[in-house]
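Values reported hereafter were calculated over all heavy atoms of this structure, with side chains retained and with hydrogens, waters and symmetry mates removed. Per chain, numbering begins at 1; letters A, B, ... match sequence-line order.
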Amino acid sequence: MKNKLIAEVFREISQILEIKGENFFKIRAYEKAAENVESLPDDIESLAKEDRLKDITGIGKDLDEKIKEIVSTGKLKYLDELKKDIPEGLVDMLKVPGIGPKTAKMLYEKLDIQDVVMLERMAAAGKIRGLEGMGEKTEENILAGIDIYKKGRERLDLKTATDAAYNMIARLKKIKEVKNISPAGSLRRMKETVRDIDILVSSKAPQKIMDAFTGLVDVKDITAKGPTKSSIRTKDNIQVDVRVVEDASYGAALMYFTGSKEHNIKLRQLAIKKGLKLNEYGIFRGEKKIAGKTEDEMYKTLGLSYIEPELREDRGELEASAEARLPDLIKLKDIKGDLHSHSTWSDGGSSIEEMVIGARKLGYEYIAITDHSQSLRIAGGLGTSELDLKRRDMERLSRKYKDIKILFGTEVDIDSEGNLDYPDSVLKEMDIVIGAIHAGFKQPVAAITRRIIKACENKYVHIIAHPTGRLWGSRNEYEVNFEEAFKAARDTGTAFEINSFPQRLDLNDVNARMAKEAGVKIVINTDSHLAEHLGMMKFGIAVARRAWLEKKDVLNTAALGKMALKNLG
DNA sequence: GCCGTTTTCGGCCCGACTGTTTTCAGTCG
């Protein structure tokens, strides 16, 4: 899969072109192409081979050739040429808040500033003030921006962002002038990581909201404060933007601030085609506002049915909405049980009984306790004699808790050759067998893919867990040839997991959608190591919704006896 | 650079906030 590589090349080109001051729409063409290639469910190399690249929206004659060049040579002459004009560090400088392409270029030309390090030095030395359009305040802002750049290069994981946002919303709700309030932005779309938190409020007294918001106790800096829009950084270094609109525009504003940018652009194009104007205040025919109070009304006025926030990525949702073929997305309450969890028998922090109590609280019909296998010493993997003891423990609890089925399972290690860490005679006795890779991440893609396929081919393996191994913030995913892996999964009836842990979310939205299209069944699990982790299920559901999955695509929405697991009927 | 039941050329989404510009450009989302 070179999709990501190609997207990165296009993105880099767009950034260099921006600094060079090229045509704005040419820049957007590269950005759009990068987005579309990245979210493409198909392998771009196959498309290139079949000469079908132009079927991708945003890929024309020129980009078709550029993709083919990257696929066959691994490089792109055009990008190499561009890099000769613009030092690499300049592209990095765009990541400093407040520095855009124009400023970056000007600083390079006037002061030969080539990267963030030089930028900081010159700003600290007071060399930037006095340049055209640059005052003392701008210089201060650049230094503040560099601070943010250094600290906040990472994005927030979905759990951190969700917790922070709902905490802030709970406090803002107490202001009596707040009428409606909602998260917006990528958080509302439940993207796997979030850069900042957007909150939308409707109120008749925007100034009061702005004052109350910027006066909250955990505000460290106020980075902007206007009559209807303010931005702050919290003491935890999280950026929060609040925007206030009138109630009559709440739906329009919610739509606008939820995005994505690409989704919004498409909506506006649609409005223009219908002779209407769309902005964050509503839909207008001439001067007359014809919609704006609710999102539902906004979509209807454009001839569309309501589109769930998780789908708003311009990945075909507008077309599907217009043609009334949007998916009926899976919901948290559809989940009947969790098939991947750990206990104190291996590296979990809660006993089996605590896990079972947690699962009952969620109303589950079943929970699988799938502790690690013997060779995973570091995670307290269980030898075969311990398995017997664990089984006895479970049987005792099964008699105690008759309203939930406790499944005896394992997360069995797939070794570097693709062999499993327990013999078939042991696996055969398990209710649930999850295969997972825990070492050998650096193997070439073909080897890793072979390991996964081999695990699928074992008739006792029901599920492949966290299929790409990524741990956001600490480990990148290993590369898997999903076309081949999904084919093996479909042919053998093996399910793939969406792991709900915020640092994993693996499969991700793009891969999970690809799995569905390849006819592979999905299981959404938490991989809980503590009873309270069982609540992470909502993040896996978010990934599934972003992948267009419906209830029927996910095995653990079914009652135990009806679950279409391999060898279970 | 892409794209087309109004177009193969001329379009391409829209507005708030900031700083220093006395009328608006740059940045951001």
Side-chain angles (χ1 to χ4, degrees), chain A residues 10 13-14 17-19 21-36 53-67 78 93-107 128-142 144-145 148 184-189 194-200 206 210 214 222-231 239-245 249 252-284 302 314:
Chain A
F10 285 172
I13 291 174
S14 82
L17 292 179
E18 241 187 321
I19 294 168
E22 272 273 1
N23 179 308
F24 172 75
F25 297 103
K26 180 172 168 178
I27 293 165
R28 241 192 52 199
Y30 275 101
E31 274 172 16
K32 180 127 188 63
E35 288 287 330
N36 290 344
L53 291 170
K54 288 200 202 112
D55 294 351
I56 307 168
T57 337
I59 305 296
K61 183 168 172 294
D62 185 87
L63 294 186
D64 169 83
E65 283 168 14
K66 287 195 167 75
I67 292 173
Y78 177 59
M93 266 166 56
L94 298 182
K95 292 184 191 136
V96 175
I99 300 285
K102 297 289 193 300
T103 310
K105 186 180 184 211
M106 195 265 290
L107 291 171
I128 289 175
R129 70 183 75 171
L131 290 176
E132 205 184 321
M134 300 297 221
E136 208 171 319
K137 191 78 206 254
T138 311
E139 205 169 64
E140 277 173 31
N141 284 344
I142 289 175
I148 294 168
S186 51
L187 178 69
R188 182 160 179 250
R189 301 201 311 279
V194 170
R195 206 174 57 84
D196 52 26
I197 292 171
D198 297 305
I199 296 173
L200 181 71
M210 295 289 88
T214 53
I222 301 168
T223 43
K225 186 177 177 188
T228 63
K229 183 182 172 185
S230 298
S231 301
Q239 186 182 326
V240 186
D241 299 344
V242 169
R243 174 71 185 262
V244 186
V245 296
S249 293
L254 193 53
M255 178 186 242
Y256 172 74
F257 287 106
T258 298
S260 65
K261 187 175 154 202
E262 298 299 330
H263 181 86
N264 285 349
I265 290 173
K266 274 266 180 83
L267 286 172
R268 290 207 165 119
Q269 289 170 338
L270 195 62
I272 291 169
K273 257 188 217 159
K274 292 178 181 290
L276 305 170
K277 189 175 85 157
L278 170 59
N279 60 26
E280 66 247 56
Y281 299 107
I283 299 176
F284 298 83
L302 295 172
D314 188 23

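Side-chain atoms of A:I272 lie closest to B:dC13 of the nucleotides B:dG1, B:dG26, B:dC13. Relative to the side chain of A:D62, the nucleotides B:dC28, B:dT27, B:dG1 differ in distance, and B:dG1 lies closest. With B:dC13, B:dG15, B:dT27 as the candidates, the nucleotide lying closest to the side chain of A:I265 is B:dC13. Here the nucleotide nearest the side chain of A:K26, chosen from B:dC14, B:dC12, B:dG1, is B:dG1.
Annotation: side chain of A:I265 is in contact with side chain of A:R28 (closest heavy-atom distance under 4.5 Å). Considering only heavy atoms from C-beta on, A:L107 comes within 4.5 Å of A:L131 through its side chain. Residues A:D198 and A:L187 have side chains not in contact (no heavy-atom distance under 4.5 Å, counting atoms from C-beta outward).
When rounded to the nearest whole Å, the span between CZ of A:F25 and C1' of B:dC13 equals 9 Å. The separation between A:L131 atom CG and B:dG26 atom P is 14 Å, rounded to whole Å. Straight-line distance from the CG atom of A:L276 to the P atom of B:dC13: 16 Å, rounded to whole Å. In this structure, A:I142 places its CD1 atom 10 Å from P of B:dT27, rounding to the nearest Å. Per the geometry, CD1 belonging to A:I67 stands 13 Å off P belonging to B:dG1, to the nearest Å. In this structure, A:E22 atom CD and B:dC12 atom P are separated by 19 Å, rounded to whole Å. Atom NZ in A:K261 sits roughly 10 Å away from atom C1' in B:dC28 (whole-Å rounding). In this structure, A:L17 places its CG atom 16 Å from C1' of B:dC12, rounding to the nearest Å.
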* **Summary of protein contacts for nucleotides 16-21 of chain B, nucleotide by nucleotide, where a base hit scores B, a sugar-phosphate-only hit scores S (4.0 Å, heavy atoms)** => SSSSS-
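Among the atoms of the strands shown, none is found under 4.0 Å from any heavy atom of A:V245. Backbone-only contact: A:D196 has heavy atoms under 4.0 Å from sugar-phosphate atoms and none from a base. Residue contacts for A:I99: at a heavy-atom cut-off of 4.0 Å it reaches the sugar-phosphate backbone alone, with no base atom in range.
Near DNA chain B, meaning a heavy atom under 4.0 Å away, the residues from residues 27-36 of chain A are A:R28, A:A29, A:Y30.
Put simply, the side chain of A:S260 gets close to the backbone of A:H263: a donor and an acceptor are under 3.5 Å apart.
By the neighbour-count criterion of 12 heavy atoms within 6.0 Å, atom NZ of A:K225 is densely surrounded, having more than that number from other residues, nucleotides or ligands. Under a cut-off of 6.0 angstrom, the local environment of CD in A:E136 is sparse, with at most 12 non-hydrogen atoms contributed by other residues, nucleotides or ligands.
The salt bridge (charged side-chain N to carboxylate O under 4.0 Å, His left out) check on A:R188 picks up A:E295, with sequence neighbours excluded. Residues satisfying the side chain to side chain donor-acceptor pair (under 3.5 Å) test with A:Q239, not counting sequence neighbours, are A:D241. In this structure, the salt bridge (charged side-chain N to carboxylate O under 4.0 Å, His left out) partners of A:K26, at least two apart in sequence or on a different chain, are A:E22.
B:dA16 and B:dG11: their P atoms are spaced 25 Å apart (whole Å). Separation of the P atoms belonging to B:dG1 and B:dT7 is 26 Å when rounded to the nearest angstrom. Distance check on atom C1': B:dC12 versus B:dT8 gives 15 Å, rounded to whole Å. Taking atom C1' on both B:dT18 and B:dT23, the two are 15 Å apart, rounded to the nearest angstrom. Comparing the same atom, P, in B:dT20 and in B:dG26 gives a spacing of 14 Å after rounding to whole Å. Rounded to whole Å, the P atom of B:dC13 lies 23 Å from the corresponding atom of B:dC17. With both ends at atom C1', the span from B:dT21 to B:dT27 equals 15 Å, rounded to whole Å.
Note on ring orientation: taking the six-membered ring where Trp is involved, the planes of A:Y78 and A:Y30 are parallel (angle under 30°, cut-offs 30° and 60°).
Considering all non-hydrogen atoms of both residues, A:A33 and A:L63 come closest at CB-CD1, 3.5 Å.
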Under 3.5 Å, which N/O atoms of the protein pair with N/O atoms of nucleotides 3-5 of chain B?
residue, atom, partner, partner atom, Å
B:dC3, OP1, A:G58, N, 2.7

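Distances shown here put a side-chain N or O of A:N279 below 4.0 Å from the OP1 or OP2 atom of B:dG15.
Electrostatic pairing of A:K261 and A:E31 counts as a salt bridge here, judged by a charged N lying under 4.0 Å from a carboxylate O.
The CE atom of A:M255 sits 13.0 Å away from atom OG of A:S249, with the distance rounded to the nearest 0.5 Å.
Pairing for B:dG4 goes to B:dC9, judged as Watson-Crick or G-U wobble with the two contacts each under 3.5 Å.
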